Engineer: 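Here it is, the structure, as structure tokens.
Atom set for the values below is all heavy atoms of this structure, side chains included, hydrogens, waters and symmetry mates excluded. These numbers were taken from a predicted model, which means no experiment stands behind them. Letters go in sequence order (proteins before strands), and every chain restarts at 1.
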Amino acid sequence: MNAIAQLKKDVTPDGPDYDTVRRVIELITEDYRDQPSLEAIADRLGQSPTQLQKTFTRWAGLSPKAFLQAVTLDHAKRLLREEDLPLLETSFEVGLSGPSRLHDLFVTHEAMSPGEWKAKGGGLVIRYGFHISPFGLALIMVTDRGLAGLAFSDSGDEKACLEDMTCRWPNAQYVEDLQATTPYAARIFEPSKWSSQQPLRVVLIGTDFQVRVWESLLKIPMGRAVTYSDIAKDIGQPTAMRAVGAAVGRNPVSFVVPCHRALGKNGDLTGYHWGLTRKRAMLGWEAGRA
DNA sequence: CACGGCAAAACGC
DNA sequence: GCGTTTTGCCGTG
């Protein structure tokens, strides 16, 4: 069975495994300071350690212990220090040829023109659909030019999630169209399908400032992280780190535009629009594959 | 004008 | 040395 099929089987949003994994992640991310043991975690969930270990590892690609380490402050700090591999200085194109990028998701992007942005999505047809993903339900939105939106929701919150996205481009026409979004879902969350030959096409719809911030995020390789001030510097406005934070927070293409790789200066994960737990989960997931 | 997915500086223990 | 609070930051709606 391939990995996606495996995921579909195991990580159904309402399935017991999904719930287990979700609770483990929550537990670990809340208590990571105490470094809880596998036994302690299993105990609190009322499961056997071995069973829990197996379920979790299959989902996350790494054991609960490794995940715990990945979520620790130390690890986040290490991600920041993990130069001299240049961080934002490396252009995305240069990265394409590097073997270290083998496991990264390749993306080409284009920005909407200011005029199109002012239209708030007017004249745009956006097709959307919900798909299961390692991080809960993923709401995928595409235009004929490529991926325009990616959001996350827990089972039952789909409506709020959809609304969160549609109000960003209120004049667009929305059509539920699983057929259009399924291919994206299959590729985005399956690293073996990431290829530089066929980059994922992304359209960035936002203000000029926001688009510059998001482009900067796209340059961060997988398994690495930068601070908000790094990004501010990269776009040539070193004192605008706070505005950068706000712009990062409005990133409409979560995960693909890796806003989860932006950390506070001391390595703290600050907030996250779709939940801090999910941010940690993404970093952990990447740590298992980097 | 207020509000952030911020960050130094300033406190207080 | 620490965790917490205060005080500039700067684009957006």
Engineer: Find out if a path of hydrophobic residues (ILVMFWY) with successive side-chain heavy-atom gaps under 4.5 Å connects A:W117 to A:V203.
Structural biologist: no
Engineer: Do A:Y272 and A:S254 have side-chain N/O donor and acceptor atoms under 3.5 Å apart?
Structural biologist: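 Checked: A:Y272/A:S254 side chains pair up, N/O donor to acceptor below 3.5 Å.
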Engineer: Could you check how far CG of A:D208 sits from C1' of C:dG13, rounded to whole Å?
Structural biologist: 17 Å
Engineer: Name the closest nucleotide to the A:T239 side chain, picking from B:dG5, C:dG13, C:dC9.
Structural biologist: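 Within the option list, the nearest is C:dC9.
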Engineer: Could you tell me how far apart A:F209 (CZ) and C:dC10 (P) are, to the nearest whole angstrom?
Structural biologist: 10 Å
Engineer: From the set C:dT12, C:dG8, B:dA7, return the single nucleotide nearest to any side-chain atom of A:M241.
Structural biologist: B:dA7
Engineer: I want to confirm an ordering. Mapping A:A240 and A:R250 to their closest nucleotides on DNA chain C, which one lands closer to the 5' end?
Structural biologist: A:A240
Engineer: Between atom CG in A:L283 and atom P in B:dG5, what is the gap in whole Å?
Structural biologist: 17 Å
Engineer: For Watson-Crick and G-U wobble pairs within 3.5 Å on both distances, what is DNA chain C written in dot-bracket notation, | included for inter-strand pairing?
Structural biologist: ||||||||.||||
Engineer: Can you tell me if CD on A:Q198 sees more than 12 non-hydrogen neighbours from other groups inside 6.0 Å?
Structural biologist: no
Engineer: Do you see a donor-acceptor pair shorter than 3.5 Å between the side chains of A:E116 and A:S113?
Structural biologist: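 Yes, a side-chain donor-acceptor pair sits under 3.5 Å.
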Engineer: For DNA chain C, which residues in residues 110-118 of chain A have a heavy atom at a distance below 4.0 Å?
Structural biologist: none
Engineer: Between A:E215 and A:K219, does at least one N-O distance fall below 4.0 Å, as a salt bridge requires?
Structural biologist: no
Engineer: Let's see if you can work this out: which of B:dC6, B:dA7, C:dG11 has an atom nearest to the side-chain heavy atoms of A:A243?
Structural biologist: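 My answer, after comparing the listed nucleotides, is C:dG11.
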Engineer: Rounded to the nearest angstrom, tell me the gap between atom CZ in A:R242 and atom P in C:dT6.
Structural biologist: 14 Å
Engineer: Evaluate the ring planes of A:H260 and A:F255, with Trp represented by its six-membered ring, and classify them as parallel (under 30°), tilted (30 to 60°) or perpendicular (over 60°).
Structural biologist: parallel
Engineer: Just how far, in rounded Å, is P of B:dA7 from NZ of A:K233?
Structural biologist: 10 Å
Engineer: Do A:N251 and A:H273 have side-chain N/O donor and acceptor atoms under 3.5 Å apart?
Structural biologist: no
Engineer: What I want to find out is whether A:R127 reaches A:E176 closely enough, with some N-O distance under 4.0 Å, to be called a salt bridge.
Structural biologist: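 The answer is no: the pair does not qualify as a salt bridge.
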Engineer: Regarding A:A262, tell me which of base, sugar-phosphate or nothing describes its non-hydrogen contacts under 4.0 Å with the strands shown.
Structural biologist: base
